[in-house]
Amino acid sequence: MRMRRPAGPQARVRHRAEPRPENGSRTDWRRFALAFPLTVLLAAGTVTTTSAAGIPLNFAVAGNPFTVTAQRLEATDATQFASFRHDAQGTSHPVALVGIRSAQISGLCQSAVAHTPLGAATLVIRSGRDEPVRVDSLVIDLTHLTGDMTFESVEMGRDASTLTTGPKGLEGTYGQQARSLTINDLRLQAWSLTAGMFSLAGTDMSVQAGEQPCTY
């Protein structure tokens, strides 16, 4: 990560996430969600609060992560720290837990692949072209992210138990937060998402035969 300090009081950080190979997905498509995030920075941690909307964060996740792509994401009050999630079989999965107070997402596509006795099927949801997706009080369990990211008024290395704009982690674990976050050419995988509000205008949903995840 490369940091620049402008003459003003705010610090700006630009980050280009490096692409990594994608793993196969075996997600139960009935339990998919739309999502987005910050970077993966792993450390031991457990969620100790709920989202601003009062939604519980601890629940069994589906067997594999789902995929989300977007042209652009603009968010305010973003926090991140490392944690773990458990699936219904009790397997632990390390995640970067990300909290967002509010965001707008343009060109969003979300997909989840289901493997059935009759073959694979992919559930795909795309947002309308005219209006961005609006999200409030969002919490996402992230596993992998690529894109061009810009943070403003960022604090890195803050104790996760002292984060002020979203969920908190255990005392002594790594955390970071920023006043604003912008991501262009977003692609991510996540285990779960909760939100106080998700608003999509002109949505298109379809089920397609085979494995056909979202692409840019």
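Nearest heavy atom pair, residue T143 against residue P94, reads CG2-O, 4.4 Å. Nearest heavy-atom pair across G99 and P167 is CA-CD, 4.1 Å. Here the closest heavy-atom approach between residue T67 and residue C214 is recorded as CG2-O, 4.4 Å. For S192 against D141, the heavy-atom pair with the smallest separation is OG-OD2, 2.5 Å. Between T122 and P213, the closest heavy-atom pair is CG2-N, 4.3 Å. What you find for R158 and T162 is that their closest heavy atoms are NH2-O, 2.8 Å.
Here the OG-CG distance, from S199 to D136, works out to 9.5 Å after rounding to the nearest 0.5 Å. Atom CZ of F66 and atom CD of Q189 lie 10.0 Å apart (nearest 0.5 Å). The CD atom of Q71 lies 12.0 Å from the CD1 atom of I105; values are rounded to the nearest 0.5 Å. The OG atom of S161 sits 8.5 Å away from the NZ atom of K168 when rounded to the nearest 0.5 Å. For the atom pair S180 OG and E74 CD, the distance stands at 9.0 Å (nearest 0.5 Å). Here the CG atom belonging to L118 is positioned 4.5 Å from the OG1 atom belonging to T116, to the nearest 0.5 angstrom.
The environment of CD in E171 is sparse: at most 12 heavy-atom neighbours from other residues, nucleotides or ligands sit within 6.0 Å.
Residue V133 is grouped with residue V98 when hydrophobic side chains (ILVMFWY) are merged at heavy-atom distances under 4.5 angstrom, including chains of intermediate members. Residue L188 is not grouped with residue V124 when hydrophobic side chains (ILVMFWY) are merged at heavy-atom distances under 4.5 angstrom, including chains of intermediate members. L193 and L181 fall within the same hydrophobic cluster, defined by Ile, Leu, Val, Met, Phe, Trp and Tyr side-chain heavy atoms under 4.5 Å apart, directly or through other members.
Contact check for R85 versus L97: side-chain heavy atoms found under the 4.5 Å cut-off. Side-chain contact between E211 and H115 is present, with heavy atoms from C-beta onward closer than 4.5 Å. With a 4.5 Å cut-off on side-chain heavy atoms, V95 and L142 do not count as touching. Looking only at side-chain heavy atoms (C-beta outward), L170 and F81 stay at 4.5 Å or farther from each other.
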### Query
For T76 and S102, what are the C-alpha separation, side-chain angles and deciding distance, and is it a side chain to side chain donor-acceptor pair (under 3.5 Å)?
CA-CA 6 Å; T76 59; S102 63; 2.7 Å; yes
### Message
As a quick check of understanding, evaluate side chain to side chain donor-acceptor pair (under 3.5 Å) for Q177 and E155, giving each step before the final call.
### Response
CA-CA 5 Å; Q177 62 183 19; E155 299 176 354; 3.2 Å; yes
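For the residue pair T165 / T79, no side-chain donor-acceptor distance below 3.5 Å is found, with atom types taken as modelled.
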